[in-house]
Amino acid sequence: MSSGAEDGLAVTVRDKRFGARQVIADLTFRAAPGEFVALVGPSGCGKSTLLNILAGLDPAFEGSVQAPPGRLGMVFQAPRLLPWRSVADNLLLVDPPGGAAAVEDILAAVGLAGRGASWPNHLSLGMQRRVAVARAFAVNPAVLLMDEPFVSLDADLAGSLRDLLRALLAQRPTTVVFVTHDVAEARDLADRILYLAPSPTRVEREEVIMNRSIKEKQAAARTRSG
Amino acid sequence: MSVDLRRVGSLMLLLMLWQAVAITADSPLLPDPVAVVARMVADSVTGELPYHLGATLARVAASFVLAFAIGAAIGVMMGRYRAIDRVFDGWLIFFLNLPALVTIILAYVWLGLGEVAAIAAVAINKIPNVAATLREGARTLDGDLAAVAKVYGMGRWRTLRHVVAPQLVPFALAAVRTGLALIWKIVLVVELLGRSNGVGFQIHMHFQMFDVTGLLAYALAFILVVQAIELFILGPVEARLVQWR
């Protein structure tokens, strides 16, 4: 992916309504190429609605979403794997560039080498989430959308999945929009945090986190000492 | 494939009961199982039984495919689109409750005593059944998985094949099961009323001759074929389709 500023993600949602009720108003943000932006807000503040708009799942809004050229990867709150297809087939079905070899690579990268033939519901929930993350990275996404992907996991498991995500992004950088209600999680991962206020959803304030190279060094230090 | 011993035992009990009643009755109107099986073998050797069984099977297959294709399309559309469901729900109830006999007679009256009328009559009887079952399936389709397919640009065909169809499998299998049971029986009535071959026609002939042995021989051959389809086709297909559970 080239790194021109015009290749970033530019989002403007002037007006989004469900019936007469306005749920998003004048919400604007940009994400530079390779930037990790976290959207933080209380549950039910329209974060998922916003993400559905970004994903192109909900075209009924006033505004625009300009995404860099390339494909979209998305990790949902639930893993949303096809239970009747094997792990490898779940990845192959999204048409990853590089085909079966790429699928094996990404499965190895998320720590599931050799599990391609398993049925998704024979894996633990943590493993299913790894598969969902692998599926998103398998398409070499220009933009990666994540909707509270590590919610309802115990702290250790969520932490190890965050480490996995960091490692994957170091290898395969991409622009990330990460939705969460957990400020600590956002600070742990993001370059920049946008705090959202509810009804209607809008950006309340912005927090720039230290840059990622420092965070990576810290994470590496943690891994060495742990 | 495991053979259930209790099932074999219960079938043996039925045969023994039949044998006992036949011996007690001692009448040509109630032949014992041995006579019926002997008749099945004899009519198979002459080729008569396979010919009529084949004719019936062909009608079952044709009307089954027709009913399933049309019924599934209608059912899925009704399950997916509320407007279509509202318009055709009344029709569905009407046709679900229309007696098979009425459809058959009307088909023969309107289309003539031919093969087209026979197969159409059977299919019309089964279509509402398939439609109602698959409508339930289409109503429960998972919107979350559809969103995954859309986000990852899976395309229409791939989505249908890998995301939608597997969710409809249990409903389709239910429709196939009840469909076979229903269609078999309707085909016999259709043959009895207006065809000159098939198991239904033969049963009609034997009825006129009071040939109960022949009648039972055809009925038994028929049951055996249905069981064979269940055991060697439907069972393995189902096992394969739901192995991920």
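Lettering follows sequence order; numbering is per chain, from 1. On a predicted model such as this, the values are computed, not experimentally measured, just so you know.
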Worksheet item: If you round to the nearest 0.5 Å, how far is CE of A:Met74 from NZ of B:Lys150?
Response: 11.5 Å
Response to the item:
Ranked by heavy-atom pairs below 4.5 Å to chain A, first place among B:Arg158, B:Met154, B:Gln243 goes to B:Arg158
Worksheet item: For B:Phe95, does the CZ atom sit with more than 12 other heavy atoms under 6.0 Å from it, leaving out its own atoms?
Response: no
Fill in: Heavy-atom closest contact (B:Val163 atom, A:Trp84 atom, distance)
O-CZ2, 3.5 Å
Discussion item. Given heavy-atom pairs under 4.5 angstrom as the criterion, report whether the side chain, backbone, both or neither of A:Arg71 touches chain B.
Written reply: side chain
Item to complete: Measure A:Asn121 against the heavy atoms of chain B and call it side chain, backbone, both or neither at under 4.5 Å.
Response: side chain
Discussion item. Check this for me: A:Gln77, atom CD, are more than 12 non-hydrogen atoms of other residues, nucleotides or ligands nearer than 6.0 Å?
Written reply: yes
Worksheet item: Tell me, side chain or backbone of A:Leu81 under 4.5 Å from chain B's heavy atoms, or both, or neither?
Response: backbone
Discussion item. What's the separation between atom CG in A:Asp89 and atom NE2 in B:His162, rounded to the nearest 0.5 Å?
Written reply: 8.0 Å
Discussion item. Surrounding CH2 of B:Trp244 (heavy atoms of other residues, nucleotides or ligands, distance under 6.0 Å), is the total greater than 12?
Written reply: yes
Practice prompt. Evaluate the side-chain proximity of A:Phe76 to B:Val151: yes if any heavy-atom separation is below 4.5 Å, no if none is.
Written response: yes
Discussion item. Counting only non-hydrogen atoms closer than 4.5 Å, does A:Ala136 touch chain B with its backbone (N, CA, C, O), its side chain (CB onward), both, or neither?
Written reply: both
Discussion item. With a 6.0 Å cut-off (strictly less than), is the heavy-atom count around CZ of B:Arg195, excluding the residue itself, greater than 12?
Written reply: yes
